[in-house]
Participant: 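Structure incoming, see below.
Computed over heavy atoms, backbone and side chain alike; hydrogens, waters and symmetry mates excluded. These numbers come from a predicted model, not from an experiment.
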Amino acid sequence: MAPLGEIWSRVLRITDIAPDDSFFELGGHSLLAATLLTRISRRLGVELSVRDLFSHPRLGDLAELIDSRRAAAACDGNEGAAEATAQDPAVPEPYRTGGSFPASGFQEGIWLAERLDPVHARYHIPLSWSVHGELDPDRLRAALAGLVARHEILRTRFVDVDGRLHQEVAEPWAPVLEESELPAQSVAEQSQWLRTWSDAAASGFAPEAGRLLTAALLTLPDGGRVLTLCVHHLVLDGESVPVLVRELELCYQRSGTGPAAAARPAPRQYRELVRSQQDGPGRVRATADLAYWSTHLAGAPSALDLARPGLPAGTPSGSVRLPLADGLAGRLLPVQAQHRASRFMVTAAALAAVLHRWSGAADLTFGIPVANRAAGAFGDVIGPCLNTLVLRSHCEPGTTFADLLEATREEVMAAFEHQSAPFDEVVRALRPPRAPGRTPFVDVLLNSVSTTRWSATLDRARLVSLDHELQDEETNKFGLTVTLTETDGTLQGTLAHRGDVLDAAGAERLAAELAAVLDRFPDLLARPVLGRATETSRTP
């Protein structure tokens, strides 16, 4: 059990793990699961599926499963082959430095969206940290330059080659660190100021130039400081932020001792990940997964009607807080243990219940973003690895919350087991009815983000992530986007809505109902989903 415990400790960054500890109760989630399973395969020579982990979430139970698989492999004479695979995992041949190579499907989708609507389609990621302690601006500049030198994606140009997006790795460059005053006083004013700064920074991004990161060190009226970055979505996603933070720590450390950050072995590069997905075994997996989705989503409704009757044209989009109860994460733990479900699965089931009630639909779909990193083999790569998976939910008059949770659990596991098929290929294969400005099967998106590992230590300065405190009020790209953010065990959430779906009052009511269902989920398991609403409903 010791080697497995070490793997858990590294993935979860927790020591003293006991045999009865559950991966999900310790903070593990569906995205970390892929990293865990890859490391188990490499070190122990045993291939496990996401379903295996959810069925054996406790350390001792998973260790027994691994022992039984290894024993079976030994009886079959395959133990040596398994160990060889674990010690020497196959990696794709890297591209040569320089030259042009295809972008990922996710990158191409962003690029096309910005070309079609350059005014409103802005894809950038604002990141902010409160600075506690002494931060040296000169060392920070050197660290940012080292970060760019180590990660090719941060110095990649995006060019049009016969109507398709290609990437070209350019020479290292040093980002400018702006130093200025942040005049805002309250948290709300500071949030608005930082959003304005990020929007202005993003407006100057030119993908063809390959410089899609900008930084500022801001001084508050009380003398405190805030570090903020703005990075284009072409080169970063939320799952890459912990990697970026770790690499920034490394480069800051190197900037103070003299040796260049490049003295440490170079990390895997994003171009290798893209190639692994587009060629060889990666393409084979994607093709097989595409066949699954073509069958699973056959006949599924491509749109979900949530619009309130009489909604006037021109209703503004916006975002509201989910009024989540204190201690919600702990309150859901018994449900997770009883049903061998992650917190994300419980959240997805609660959202499905609310959507069934609001829409009146017995069969509906919603989307979830997932970081497709080739089963975790590229867990330390900076770059956008997002793919969209579709969850399909059925609810009949007799369906209870427990039934819906069990069905959602199976749906999430199946989705993660078939995550290699790019969403745009799924849509092309199914050819669903399409409406302008709407994404088939994804009128609603459920996003779960953990910012616990977004903070950093730069020598004598501690950077504490502020992003869980900032309310995103950008125009929503989907009808509804529900985002739950976990920071050190505390849950916060927002519901962003488009004006053609809900007005602010409707969004508040929907957010209240979702929060109430989550809070009362342990007490609702035996109740029918389509019974009396827990809180407010679609009906005024």
Participant: Grab the two heavy atoms, one from Leu391 and one from Ala348, that are nearest each other, plus how far apart they are.
Facilitator: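 What the structure gives for the nearest pair is CD1-CB, 4.2 Å.
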
Participant: Between Arg438 and Asp443, is there a side-chain N and carboxylate O pair less than 4.0 Å apart?
Facilitator: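 Looking at Arg438 and Asp443, the cut-off is met.
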
Participant: Any heavy-atom pair between the side chains of Leu495 and Leu480 that's under 4.5 Å?
Facilitator: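 Heavy-atom side-chain distance check passes, below 4.5 Å.
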
Participant: Taking side chain to side chain donor-acceptor pair (under 3.5 Å) as the criterion, tell me which of His124, Gln107, Glu114 meets it with His232.
Facilitator: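 Per the side chain to side chain donor-acceptor pair (under 3.5 Å) rule, the option paired with His232 is Glu114, out of His124, Gln107, Glu114.
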
Participant: Is Arg285 reaching over with its side chain to a backbone N or O of Ser420, donor-acceptor style, under 3.5 angstrom?
Facilitator: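 Not at all, since once roles are kept as given, no pair shorter than 3.5 Å links the two residues.
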
Participant: State which residues pass side-chain hydrogen bond (donor to acceptor under 3.5 Å, both in side chains) with Asn387; sequence neighbours excluded, sorted by chain then number.
Facilitator: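 With sequence neighbours excluded, Asn387 shows a side-chain hydrogen bond (donor to acceptor under 3.5 Å, both in side chains) to no residue whatsoever.
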
Participant: Hey, what do you get for CG (Leu65) to OG (Ser55), rounding to the nearest 0.5 Å?
Facilitator: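 OG of Ser55 is found 9.0 Å from CG of Leu65.
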
Participant: Counting C-beta onward and ignoring hydrogens, is there a side-chain heavy-atom pair between Arg246 and Asp380 closer than 4.5 Å?
Facilitator: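 Arg246 reaches Asp380 side chain to side chain.
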
Participant: Does a salt bridge link Asp424 with Arg428, judged by any charged N lying under 4.0 Å from a carboxylate O?
Facilitator: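 Salt bridge present between Asp424 and Arg428.
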
Participant: Aromatic rings Tyr292 and His418: how do their planes relate, parallel, tilted or perpendicular, breaks at 30° and 60°?
Facilitator: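 Taking His418 first and then Tyr292, their aromatic rings lie parallel (interplane angle under 30°).
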
Participant: State, yes or no, whether a side-chain contact exists between Leu332 and Gln336 at a heavy-atom distance under 4.5 Å.
Facilitator: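 A side-chain contact under 4.5 Å exists here.
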
Participant: Is the closest side-chain heavy-atom distance between Leu48 and Val46 below 4.5 Å?
Facilitator: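 Contact flag for Leu48/Val46 side chains = yes.
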
Participant: Please tabulate, one pair per line, all N/O donor-acceptor pairs under 3.5 Å involving side-chain atoms of residues 360-368, not counting sequence neighbours.
Facilitator:
{"from": "Asp363", "atom 1": "OD1", "to": "Arg392", "atom 2": "NE", "distance (Å)": "3.1"}
{"from": "Asp363", "atom 1": "OD2", "to": "Arg392", "atom 2": "NE", "distance (Å)": "3.4"}
{"from": "Asp363", "atom 1": "OD2", "to": "Arg392", "atom 2": "NH2", "distance (Å)": "2.8"}
{"from": "Thr365", "atom 1": "OG1", "to": "Phe441", "atom 2": "O", "distance (Å)": "2.9"}

Participant: With sequence neighbours left out, what residues match Asp52 under salt bridge (charged side-chain N to carboxylate O under 4.0 Å, His left out)?
Facilitator: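 Only Arg69 meet the salt bridge (charged side-chain N to carboxylate O under 4.0 Å, His left out) criterion with Asp52.
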
Participant: Please say whether more than 12 non-hydrogen atoms of neighbouring residues, nucleotides or ligands are located less than 6.0 Å from CZ in Arg434.
Facilitator: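 Count not over threshold, so no.
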
